[in-house]
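Please read the structure below before turning to the comments.
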Amino acid sequence: MKQPLLSIQNICSGYGSIQVLHDISLEIHTGEIVTLIGANGAGKSTLLMSIFGEPKITQGNIFYEGVCLNQLEPHKIAQQGIAQVPEGRRIFPAMTVEENILIGTTPIGPEHADKDKEDVFSLFPRLKERRNQRAGTLSGGEQQMLAMARALMARPRTILLDEPSLGLAPLVVKQIFEILKDITSLGKTIFLVEQNAFHALSLAHRAYVMVNGRITLSGSGAELLDNPEVRNAYLGGKTQRPLNP
Ligand code: ATP
């Protein structure tokens, strides 16, 4: 089998004396959508942030395209071709949509900014309509689109997304997940952390379940959707139907 694009090997991580992640191993291959589901506080965000170098792992190794990320600073990790869309979006509310998008070029410089901005505007026409509007006046769904657009401006090959559905209405969640599919069709690889297990497992090629900082299950998205343990813990005990399948 081909070498994984991102390989996480037996990592531990946490905050000061609080260990959150315990011996986590997982891998992501080029072109995949891989999701990590788990309850509130399981450690999902900590894993995404640890891949990005903050907090630093205390054990194990993280390799991206064969390069060890363990000791790299976050900006160096971004330069390897990884972008993060953090939980809560972290947009700059007083700046315009376009200014927020342009900030995304920071890891690679402004050389391709004009072309790439037009490319993200064709992926997110709503943002183009609102390009001169202050980002703080956007709806939650539009702010999520803005965070994704900003991440794409760094020309990443891999995007780490933390709870893109957080706080959004069901139809908007559906829209955001459709856009994720469009992003993978551009050749990007996606690692998606979600509490919205149904949508995440429906979209993902493969998935992992995290409980109390440990990976307890893994399989294809379809296998985990069918798994009774997953259904009971994360899907309200039954198989749900997608919105407007
Ligand atoms: P959520 O879905 O609520 O974001 P999560 O699965 O992403 O949950 P984390 O945010 O990674 O979980 O949190 C895992 C544990 O680490 C929790 O117990 C949390 O309180 C703790 N934690 C998170 N950030 C910090 C921090 N900066 N300092 C200390 N503890 C933290």
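Since the structure is predicted, the reported quantities are computational estimates derived from the model, not experimental observations. For ligands, and for the atoms within them, numbers begin at 1 and follow the listed sequence. The chain is numbered in sequence order, starting from 1.
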Is there a side-chain contact (heavy atoms from CB on, under 4.5 Å) between Leu225 and Arg231 once you walk through the steps?
CA-CA 7 Å; Leu225 263 182; Arg231 293 209 321 238; over 6 Å; no
Tell me which part of [X] gets within contact of ligand 1: side chain, backbone, both or neither, using heavy atoms under 4.0 Å.
X	value
Val20	side chain
Met49	neither
Met210	neither

Protein contact for atom 23 (C) of ligand 1 (heavy atom, distance under 4.0 Å):
yes
Could you tell me whether atom 16 (O) of ligand 1 has at least one protein heavy atom nearer than 4.0 Å?
yes
For [atom], the protein heavy atom that lies nearest, with its residue and separation:
atom	answer
atom 1 (P) of ligand 1	Asn40 OD1, 3.5 Å
atom 30 (N) of ligand 1	Tyr15 CD1, 3.4 Å
atom 11 (O) of ligand 1	Thr46 OG1, 2.5 Å
atom 8 (O) of ligand 1	Gly41 N, 2.7 Å
atom 12 (O) of ligand 1	Gly43 N, 3.1 Å
atom 4 (O) of ligand 1	Glu87 OE1, 3.0 Å

Under 4.0 Å from a heavy atom of [X]: give me the atoms of ligand 1 that qualify, with their elements.
X	answer
Ser45	4 (O), 5 (P), 7 (O), 10 (O), 11 (O)
Glu163	2 (O)
Ala42	5 (P), 6 (O), 12 (O)

Asp116/Arg155 ion pair, N-O < 4.0 Å
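Looking at Asp116 and Arg155, the cut-off is met.
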State whether Glu65 and Arg157 are salt-bridged, where the test is any N-O pair (Lys NZ or Arg NE/NH1/NH2 against Asp/Glu carboxylate O) under 4.0 Å.
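Salt bridge flag = yes for Arg157 with Glu65.
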Any donor and acceptor pair, going by atom type alone, linking the side chain of Asn100 with main-chain N or O of Thr96 inside 3.5 Å?
yes
Between Glu73 (side chain) and His75 (backbone), is there a donor-acceptor pair under 3.5 Å?
no
Is the number of heavy atoms from other residues, nucleotides or ligands within 6.0 Å of [atom1] ([X]) greater than 12?
X	atom1	value
Glu118	CD	yes
Gln79	CD	yes
Arg90	CZ	no

State, without any angle test, whether Asn70 and Asn61 hold a side-chain donor-acceptor pair at a distance under 3.5 Å.
yes
Between the side chains of Glu87 and Ser45, is a donor N or O closer than 3.5 angstrom to an acceptor N or O?
yes
Report yes if Ile18 has an N/O atom closer than 3.5 Å to an N/O atom of ligand 1; otherwise report no.
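Not met; the criterion fails.
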Do any heavy atoms of Ala39 fall under 4.0 Å from ligand 1?
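So Ala39 counts as touching ligand 1.
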